Amino acid sequence: FELSIFYKNEVEQQIKNFENGQRYVREGRVDIYKEHGFIKNGDNGLLVNISALSVRKLYDKYRDEGLFEQNFRYFVRNKKIDDQINSSLKKKRDKFWFLNNGIIIGCKDFHLDGDNIKLEDFSIINGCQTTTILGSYKGSNEDLDFPISCKIVKPDHGGEDYFNVFISEIAEASNSQKPISDRDLKSNYPEQRNLQLDLKAQEPKIYLEIKRGEGILRKRNLESWQKIKNDTLGQLILSVLLQRPGTARSNKKKIFSDRVTYNSIFKRNHDKDTIVDL
């Protein structure tokens with residue numbers, strides 16, 4: 001279970017926000033890495049690298065004053081994702097740009113002004129998790145700045161109703177992609193690709209699906225036992241060879257989410273005949 005603690009002032013501020021209907025931050029700014037350049041989409045879109053420390057300032061100042069009101073949800077704890085972001089902040093700030101999807105800011109207007117961007121009536125519509133963890137991070141390197149990719153968008157027409165629809169459509173599109181599973185995250189690992197190649201290298205061929213949507217299960221002229229997904233193969237190995245049928249049956253997610261379990265299943269010397277028998 002998880003325990004969440006909310007302090008009195010936080011509760012009062014949320015009540016105030018609800019009663020006042022504060023839906024976005026009136027004015028603010030973010031610093032940019034001017035030397036990195038930027039990409040514009042007419043006058044209504046900007047893709048730029050912004051300062052992580054300026055994002056933290058936004059969080060400190062506006063987190064309870066509309067900063068996430070246009071997002072579909074507030075910060076939702078996810079230990080796996082949270083730990084990865086915290087680890088990047090602690091040890092890999094120089095690689096954060098590569099490891100993170102960045103954030104999207106929706107606003108009524110923005111102005112590029114030298115080394116910063118002024119924002120009017122804005123809210124973070126994608127990237128609440130990243131912003132919250134960055135803003136609340138207290139640890140080593142917390143004052144070391146680094147770039148975060150940021151898309152800033154505004155509607156091409158005026159009017160409150162048009163703005164609401166515009167922001168909602170972007171929020172929906174950027175938050176409705178199919179979630180990435182632990183199995184997906186391992187699909188390009190060397191042991192997965194090597195096992196796939198080894199199993200189909202000689203007769204009897206076994207086609208191992210290591211990526212969702214790969215379509216190998218539609219292979220013709222193969223018996224049903226010659227086509228298998230890597231999570232099902234993981235269940236077989238865990239149940240039979242590692243003698244853990246209970247975990248294989250009732251805790252299938254552990255095959256890819258638990259490092260020790262994953263390594264014991266896939267980082268081993270696989271015998272083709274044994275896998276054929278399974």
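Starting from 1, each residue takes its place in the sequence as its number. Just so you know, these numbers come straight off a predicted model, no measurement behind them.
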Are Ile170 and Phe163 co-members of a hydrophobic cluster defined by side-chain heavy atoms under 4.5 Å apart? yes
Donor-acceptor pairs under 3.5 angstrom involving side-chain atoms of residues 32-43: please list them, not counting sequence neighbours.
from	atom 1	to	atom 2	distance (Å)
Tyr33	OH	Phe146	N	3.3
His36	ND1	Asn49	ND2	3.0

Taking 4.0 angstrom as the limit, do Asp143 and Arg56 come out as a salt bridge? yes
Sorted by chain and number, sequence neighbours left out, salt bridge (charged side-chain N to carboxylate O under 4.0 Å, His left out) with Arg93 holds for none
State yes or no: do Trp225 and Leu278 share one hydrophobic cluster built from I, L, V, M, F, W and Y residues joined by side-chain heavy-atom distances below 4.5 Å, directly or via other members? yes
For Ile275 and Leu195, what are the C-alpha separation, side-chain angles and deciding distance, and is it a side chain to side chain contact (heavy atoms under 4.5 Å, CB included)? CA-CA 11 Å; Ile275 292 180; Leu195 181 57; 4.3 Å; yes
Let me have the donor-acceptor pairs involving side chains of residues 233-245, under 3.5 Å, with sequence neighbours excluded, atom names and distances please.
from	atom 1	to	atom 2	distance (Å)
Gln235	NE2	Ala248	O	2.7
Gln243	NE2	Val240	O	2.8

Roughly how far apart are Leu67 CG and Ser123 OG, rounded to 0.5 Å? 6.0 Å
Please identify each residue that fulfils salt bridge (charged side-chain N to carboxylate O under 4.0 Å, His left out) with Asp145, with sequence neighbours left out. none
Show your reasoning for whether side chain to side chain contact (heavy atoms under 4.5 Å, CB included) applies to Arg29 and Asp31. CA-CA 7 Å; Arg29 78 170 209 181; Asp31 297 329; 3.3 Å; yes
If you measure from CG on Asn100 to CG on Leu134, what distance do you get to the nearest 0.5 Å? 9.0 Å
Criterion side chain to side chain contact (heavy atoms under 4.5 Å, CB included) on Thr261 and Lys253, from CA distance to verdict: CA-CA 10 Å; Thr261 302; Lys253 289 178 62 177; over 6 Å; no
Is the number of heavy atoms from other residues, nucleotides or ligands within 6.0 Å of NZ (Lys90) greater than 12? no
Would you check if Val153 and Phe166 make a side-chain contact, meaning some heavy-atom pair closer than 4.5 Å? yes
Should Tyr62 and Tyr137 be counted in the same cluster of Ile, Leu, Val, Met, Phe, Trp and Tyr side chains packed under 4.5 Å apart? yes
Leu199 side chain reached by Gln196 side chain, heavy atoms, under 4.5 Å: no
So does Gln84 get a backbone contact from the side chain of Ser88, meaning a donor-acceptor N/O pair under 3.5 Å? yes
Checking side chain to side chain contact (heavy atoms under 4.5 Å, CB included) for the pair Leu89/Ile133: CA distance, chi angles, key distance, verdict? CA-CA 9 Å; Leu89 291 174; Ile133 294 175; 4.1 Å; yes
Using 0.5 Å steps for rounding, measure from the CD1 atom of Ile206 to the CG atom of Leu222. 10.0 Å
Quick one, Ile228 and Leu208 - any side-chain contact, counting heavy atoms below 4.5 Å? yes
Look at the side-chain heavy atoms of Ile, Leu, Val, Met, Phe, Trp and Tyr, link any pair under 4.5 Å apart, and say whether Leu46 and Trp97 land in one connected group. no
From Lys267, Lys254, Glu191, residue fulfilling side-chain hydrogen bond (donor to acceptor under 3.5 Å, both in side chains) relative to Tyr262: Glu191
Check for me whether the distance between the ring centres of Phe256 and Phe266 falls short of 6.0 Å. yes
Whether Lys211 and Glu209 form a salt bridge (side-chain N of Lys/Arg under 4.0 Å from carboxylate O of Asp/Glu) is what I want to check. no
Taking only residues two or more places apart in sequence, or in another chain, which ones meet Lys272 in a salt bridge (charged side-chain N to carboxylate O under 4.0 Å, His left out)? none
Looking at Tyr189, is Lys186 sitting on its ring face, NZ or CZ under 6.0 Å from the six-membered ring centre and within 45 degrees of the normal? yes
Listed by chain and number, what are the ring pair (Phe, Tyr, Trp, His ring centres under 6.0 Å) partners of Tyr59, not counting sequence neighbours? none
CZ on Arg26 to CD on Glu120, rounded to 0.5 Å: 11.0 Å
Euclidean distance, Ile85 CD1 relative to Gln129 CD, rounded to 0.5 Å: 5.5 Å
Roughly how far, to the nearest 0.5 Å, is CD1 of Ile103 from SG of Cys128? 10.5 Å
